[in-house]
Number of protein chains: 2
Amino acid sequence: MSAPTIRLLLADDQALVRGALAALLSLEPDLEVVAEVGSGDEVLPAVLEHRPDVALLDVEMPGMDGIAATALVRAKAPRTRVLIVTTFGRPGFLRRALQAGAYGFVVKDTPAAELADAVRKVHRGLRVVDPQLATDSLVAGESPLTPRETEVLRAARDGSTVATIAKRLFLSEGTVRNHLSAAIGKTGAATRAEAVLTAEGNGWL
Amino acid sequence: MSAPTIRLLLADDQALVRGALAALLSLEPDLEVVAEVGSGDEVLPAVLEHRPDVALLDVEMPGMDGIAATALVRAKAPRTRVLIVTTFGRPGFLRRALQAGAYGFVVKDTPAAELADAVRKVHRGLRVVDPQLATDSLVAGESPLTPRETEVLRAARDGSTVATIAKRLFLSEGTVRNHLSAAIGKTGAATRAEAVLTAEGNGWL
DNA sequence: CGCTGACCCTGACAGATGTCATCCGCGTGT
DNA sequence: ACACGCGGATGACATCTGTCAGGGTCAGCG
């Protein structure tokens with residue numbers, strides 16, 4: 001009797017990318033794609049139903065992001081190992097993904113031939129992390145922003161004025177300006193727009 | 001003698017996505033991936049060497065974006081038809097891609113099964129464009145921004161101060177403020193950060 | 001229990017932003 | 001030849017941003 005195949009679940013909101021990844025992985029005789037979902041909140045139900053050995057999750061998905069979905073899978077279906085497959089190799093994403101229980105973290109710059117190997121390693125319980133990304137993650141460190149500063153900076157992402165943010169968060173304009181100023185200082189930026197980019201780049205937002 | 005296969009070139013800076021798309025398209029007996037490149041400036045040399053019938057180009061690539069590469073292919077290798085395959089279905093991208101000579105425009109939300117059909121249609125000389133995207137493109141219209149306004153707004157993308165932008169573009173701060181103000185007005189935004197997001201969303205930047 | 005530090009909140013103020021008025025050069029139409 | 005409109009440039013000024021000083025609350029520690 002032949003060795004059993006590794007059962008896979010794919011989660012990516014881009015149908016074309018998801019279908020292409022399924023085609024790529026199905027070329028391997030020992031890998032079998034048993035489910036595909038397009039949003040984060042479909043991940044756990046599909047994992048519970050199909051019992052994949054490895055779940056390949058994108059990070060940015062509607063309904064729930066892949067990192068939150070990873071935490072759910074670890075809590076409710078610990079035999080399923082998670083491999084994050086994402087466009088943005090942000091050090092903050094890596095740290096949060098590992099903390100949430102992901103076994104591996106692959107960015108879409110990776111050669112296609114390496115994905116199957118990454119899946120097999122994760123299935124065997126090994127960690128798969130790009131060394132450069134791990135280094136960047138250690139260098140960037142945890143976010144220096146307080147929860148409120150993070151919230152105010154996130155609210156500033158879309159270019160809103162202080163008055164608009166104040167209304168949205170039920171704060172005075174002075175409070176909003178102070179939090180923004182603190183966030184600007186902590187990220188080493190000159191403006192709030194730059195602070196947003198820096199925090200996003202470091203995975204702090 | 002069997003019908004000849006459709007020769008394809010793939011261009012996407014993400015190796016994993018490119019490899020996966022190659023795997024997906026190679027499942028079709030009448031399609032053959034003859035070349036893969038990872039940057040925009042490799043597209044034309046590869047097209048001239050491999051003579052693909054259809055070139056599938058991403059938009060955002062290093063070296064040269066896929067729309068500029070499309071224009072080059074039309075000029076230098078008119079028998080190769082271009083199909084844009086991109087993450088962001090921006091109406092501005094669609095318009096510029098068609099104007100540059102692309103035969104089709106597919107976003108990565110498209111079901112994987114439709115990609116091969118899109119390739120076949122493009123090969124036959126048919127247009128492949130998402131109707132919703134075409135509508136959005138007509139609604140958004142051409143950019144109302146002057147070349148200088150576009151340049152100044154683009155320089156403001158990274159959150160730079162007016163003084164920094166003035167130095168970078170060799171203008172006075174008053175001039176920069178005036179162009180930014182005009183761009184804010186034309187995009188209907190309240191701040192420059194919002195104007196940047198609006199212009200990007202409409203494909204004007 | 002008192003002290004300390006972190007976090008959150010607020011308003012005053014100097015400096016930056018965005019609006020407005022104005023001018024110049026160039027291309028187009030009459 | 002002239003008038004007009006457009007794009008680009010500039011500075012004055014009202015408004016907004018970011019910094020700073022100050023106060024309140026709460027958890028942790030001695």
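Order of the sequence lines sets the chain letters (A, B, ...), proteins ahead of strands, with each chain counted from 1.
- Expressed to the nearest 0.5 Å, how far NZ of Lys167(B) lies from CD of Glu173(B) amounts to 8.0 Å.
- Between the base of dG7(D) and the side chain of Arg148(B) there is no donor-acceptor pair shorter than 3.5 Å.
- Nucleotide dA9(D) holds its C1' atom 14 Å from the CG atom of Leu180(B), rounded to whole Å.
- Side chains of Thr80(B) and Arg51(B): no donor on one and acceptor on the other come within 3.5 Å.
- Separating the NZ atom of Lys186(B) from the P atom of dT19(C) is a distance of 13 Å, rounded to the nearest angstrom.
- One atom, CD of Glu149(B), and another, P of dG7(D), lie 8 Å apart when rounded to the nearest Å.
- Between Arg192(B) atom CZ and dG18(D) atom P there is a gap of 9 Å when expressed in whole angstrom units.
- The side chain of Asn178(A) lies closest to dC20(D), out of dC20(D), dG7(D), dT19(C).
- Distance CZ (Arg177(B)) to P (dT17(D)): 15 Å, rounded to an integer number of Å.
- Thr146(A) comes within 4.0 angstrom of sugar-phosphate atoms only, judged by non-hydrogen atoms across all strands, and of no base.
- Nucleic acid contact for Ser172(B): sugar-phosphate only, since backbone atoms but no base atoms lie under 4.0 Å from a heavy atom of the residue.
- Regarding contacts with the backbone of dA9(D), a side-chain N or O of His179(B) is found under 4.0 angstrom from either OP1 or OP2.
- Between Ile165(B) atom CD1 and dG18(C) atom C1' there is a gap of 13 Å when expressed in whole angstrom units.
- Side-chain nitrogen and oxygen atoms of Thr175(B) include none within less than 4.0 Å of the OP1 or OP2 phosphate oxygen of dG8(D).
- Spacing between atom CG of Leu153(B) and atom P of dG7(D) amounts to 16 Å, rounded to whole angstrom units.
- For the pair Arg120(A) and Asp30(A), the salt-bridge criterion is met [side-chain N within less than 4.0 Å of a carboxylate O].
- Between the CD atom of Glu173(A) and the P atom of dA12(C) there is a distance of 12 Å, given to the nearest Å.
- Comment: Asp65(A) does not engage Arg96(A) in a salt bridge, judged by the lack of any side-chain N to carboxylate O separation of less than 4.0 angstrom.
- Atom NZ of Lys121(A) sits in a sparse spot, with 12 or fewer heavy atoms from other residues, nucleotides or ligands closer than 6.0 Å.
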